[in-house]
Amino acid sequence: MRWLSIASFQLQPSELAKIFTILLVAYMLSRKQGRKLRLIQDVVPICLVFMLPVLFIIKQPDFGTALVFVGVLLSMLWMGNIRLRYMLIFLGGVILIIGAIVWLYYADNALLSKVIKPHQMARIQTFLDPASDPGKSWHVKNAMLAISSGR
């Protein structure tokens with residue numbers, strides 16, 4: 001369920017989950033008082049707190065919001081004084097996943113289309129090859145134009 005309607009007010013439960021998850025993890029990090037985060041005692045519990053809402057969000061499916069949660073997790077871990085080695089491991093994992101998706105897109109498109117939903121496949125295709133569907137790549141083309149012109 002992506003939207004809740006209460007009278008004339010609508011909201012996404014994932015937005016409430018973001019706020020409560022951030023507040024809970026902020027509380028967990030504040031108890032560390034700036035000390036380095038330990039992997040088992042600190043980082044794993046924080047990742048588990050983030051994993052619960054992410055699993056529900058992926059089930060919807062809303063992969064974009066799940067990616068926002070990953071970005072917030074990495075940001076909070078960095079601000080919480082995670083060891084550089086652990087952060088590099090997390091970032092390496094994220095890069096490997098993105099690299100695997102890009103590789104599958106070019107090497108075995110049929111396999112990738114079995115793993116992800118059609119609308120997700122269309123978004124990946126529009127991002128990697130904006131010329132493939134000019135009607136759906138308006139944002140990508142304008143972003144490239146803005147960056148190239150320095151706006």
Side-chain angles (χ1 to χ4, degrees), residues 1-26 28-29 37 39 42-151:
M1 168 170 52
R2 286 192 173 184
W3 290 92
L4 290 178
S5 295
I6 303 168
S8 65
F9 184 72
Q10 291 185 339
L11 67 103
Q12 287 184 296
S14 61
E15 296 302 320
L16 290 175
K18 276 186 218 170
I19 293 168
F20 291 124
T21 303
I22 289 169
L23 289 174
L24 177 58
V25 171
M28 293 168 73
L29 291 172
L37 298 177
L39 184 63
D42 303 317
V43 176
V44 170
I46 289 170
C47 289
L48 290 174
V49 167
F50 268 91
M51 191 181 306
L52 183 64
V54 167
L55 290 175
F56 283 118
I57 290 167
I58 288 175
K59 183 94 169 114
Q60 287 182 359
D62 187 1
F63 194 64
T65 301
L67 286 176
V68 169
F69 266 85
V70 171
V72 170
L73 168 65
L74 292 174
S75 299
M76 291 190 80
L77 287 174
W78 183 254
M79 295 306 294
N81 205 12
I82 190 172
R83 295 180 194 278
L84 181 60
R85 175 178 30 162
Y86 300 152
M87 182 57 83
L88 291 175
I89 290 169
F90 280 120
L91 289 175
V94 169
I95 290 169
L96 280 174
I97 291 169
I98 292 170
I101 291 170
V102 171
W103 180 80
L104 278 173
Y105 175 79
Y106 288 112
D108 195 354
N109 201 304
L111 177 62
L112 182 61
S113 63
K114 289 179 184 176
V115 175
I116 63 173
K117 306 275 189 266
H119 73 279
Q120 294 169 329
M121 186 66 169
R123 287 183 177 182
I124 292 171
Q125 181 176 0
T126 301
F127 180 75
L128 294 176
D129 185 14
S132 67
D133 190 351
K136 291 184 178 179
S137 61
W138 186 86
H139 291 292
V140 175
K141 286 182 180 178
N142 282 315
M144 290 168 46
L145 178 64
I147 291 170
S148 67
S149 66
R151 292 185 206 169

State whether the side chain of Asn142 and the backbone N or O of Trp138 hold a donor-acceptor pair below 3.5 Å, judged by distance alone. yes
Pro53 to Val49 - nearest heavy-atom pair and separation: CD-O, 3.1 Å
Is there side-chain contact between Ser14 and Phe56, with heavy atoms separated by less than 4.5 Å? no
Going through the checks in order, is the side chain to side chain contact (heavy atoms under 4.5 Å, CB included) test met by Leu37 and Tyr86? CA-CA 9 Å; Leu37 298 177; Tyr86 300 152; 5.9 Å; no
Are any of the side-chain heavy atoms of Phe63 and Lys117 separated by less than 4.5 Å? no
Distance-minimising heavy-atom pair for Pro130 and Ser137: O-OG, 2.8 Å
Taking the side chain as C-beta and beyond, is there a heavy-atom pair between Ile97 and Val94 under 4.5 Å? no
Nearest-0.5 Å distance that lies between atom CE in Met28 and atom CG in Leu23: 13.0 Å
So Ile101 and Val115, do their side chains get closer than 4.5 Å, heavy atoms only? no
Name every donor-acceptor pair, under 3.5 Å, that has one atom in a side chain of residues 69-83 and the other anywhere in the protein, sequence neighbours excluded.
residue : atom : partner : partner atom : Å
Ser75   : OG   : Gly71   : O            : 2.9
Asn81   : OD1  : Lys36   : NZ           : 3.4
Asn81   : ND2  : Gly34   : O            : 2.7

Is the closest side-chain heavy-atom distance between Thr21 and Phe50 below 4.5 Å? yes
Minimum heavy-atom separation for Ile57 to Ala66, with atom names? CG2-N, 3.8 Å
What's the verdict on side chain to side chain contact (heavy atoms under 4.5 Å, CB included) for Asn109 and Gln125, showing C-alpha distance, side-chain angles and the deciding distance? CA-CA 10 Å; Asn109 201 304; Gln125 181 176 0; over 6 Å; no
Can you tell if the side chain of Leu48 reaches within under 4.5 Å of the side chain of Leu52, non-hydrogen atoms only? no
Could you walk me through whether Leu29 and Val25 pass the side chain to side chain contact (heavy atoms under 4.5 Å, CB included) check? CA-CA 6 Å; Leu29 291 172; Val25 171; 4.0 Å; yes
